[in-house]
Amino acid sequence: MVPARIPQVLTIAGSDSSAGAGIQADLKIFQAHKVYGTTVVTAVTAQNSKKVWESLDLPVSLIQAQFKAIMEEFNIKAVKTGMLSSPEIIAAVSGSILKYQIKNLIIDPVMVSKTGYNLLKKEGIKTLKSRLLPLALLVTPNFQEAEVLSGLKIESLQTMKKAAKKIKDSGCRAVLIKTGDAPFNRGNDLFWDGKNFIVFESKLIQGRSPHGTGCVFSAAITAEIALGEDLISAIKKAKLFISKAIKNARSQWIMEKL
Ligand code: PXL
């Protein structure tokens, strides 16, 4: 048994054999933040930095069994979701989150890998919006995911704000649109909680766009929440962490808290 004084977190996501994203990246980030990470694996991908070769979804019953095994023993302070590839998996995860009354849920609505492979079937988007987003403390779409979730073409800060409002309307408590690969406003992530817009700024780091940055970011936010930070300061700290990790050649690969 892990002692209660060590914050415990859970990631529900896919396995990335190259360990740059997915479950493997999440665990490294949890370790760097000195929180104890547990996992519910939803799919196994065969991939490296160039492409995803194959992907296999795990049976829903096995996903639910992993969830039960964790919740029966651990005192989980915060949960994040990553790759959930089908409506069936999303519905099952949503059911478990309700069943175990998970409060601090961070959703990274993963859709496509950096190498262009589809990680979420088209028919899953509706289920994601109707069943999972309403349970979230925070949803962290990138620019493209924000367009899909909102159904809006984002062409200006104005439409980005509209998209944030639309995503928030699906019932989540807050939304953070990440702009690291946006065609404009790059690096200035937009937060909306129904009351305030906050722009989280960062300098862009030229030439570096490693895969897995989205996973790393949401995992760092999850860890900070488990450590007792409120949502805004968790995002601030996670953003600083990821900027340093991308900038620093060593910590880009060996995730460490600088
Ligand atoms: O970064 C998105 C992502 C999430 N989860 C898994 C992935 C990827 C991208 O490759 O493979 C398992």
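Atoms within each ligand, like the ligands themselves, are counted from 1 in listed order. All values below were derived from every heavy atom in this structure, side-chain atoms included, with hydrogens, water molecules and symmetry-related copies excluded.
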Donor-acceptor contact present, side-chain K126 to main-chain P87, <3.5 Å = no

Do F197 and F191 have ring centres separated by under 6.0 Å?
-> no

Evaluate the criterion side-chain hydrogen bond (donor to acceptor under 3.5 Å, both in side chains) for residue pair Q158 and S156; output intermediate values, then yes/no.
-> CA-CA 5 Å; Q158 232 22 57; S156 61; over 6 Å; no

Between I23 and ligand 1, which residue portion shows a heavy-atom distance shorter than 4.0 Å: side chain, backbone, both, or neither?
-> neither

Should K114 be listed as contacting ligand 1, given a heavy-atom distance under 4.0 Å as the test?
-> no

K178 and D108: salt bridge (charged side-chain N to carboxylate O under 4.0 Å, His left out), yes or no, with the steps?
-> CA-CA 11 Å; K178 299 173 292 185; D108 183 9; 3.6 Å; yes

Okay, side chain of T222, backbone of S218: is any donor-acceptor separation there less than 3.5 Å?
-> yes

Ligand 1 to M83, heavy atom cutoff 4.0 Å, flagged ligand atoms 5 (N), 12 (C)

Hey, what do you get for CZ (F200) to CG (L240), rounding to the nearest 0.5 Å?
-> 12.0 Å

How far is atom 8 (C) of ligand 1 from its nearest protein heavy atom, and which residue and atom is that?
-> L119 CD1, 3.5 Å

Counting from 1, what ligand 1 atoms have a heavy atom of G14 closer than 4.0 Å?
-> 12 (C)

Has ligand 1 got any nitrogen or oxygen that is less than 3.5 angstrom from a nitrogen or oxygen of Q47?
-> yes

What protein heavy atom sits nearest atom 1 (O) of ligand 1, and how far off is it?
-> C215 SG, 3.5 Å

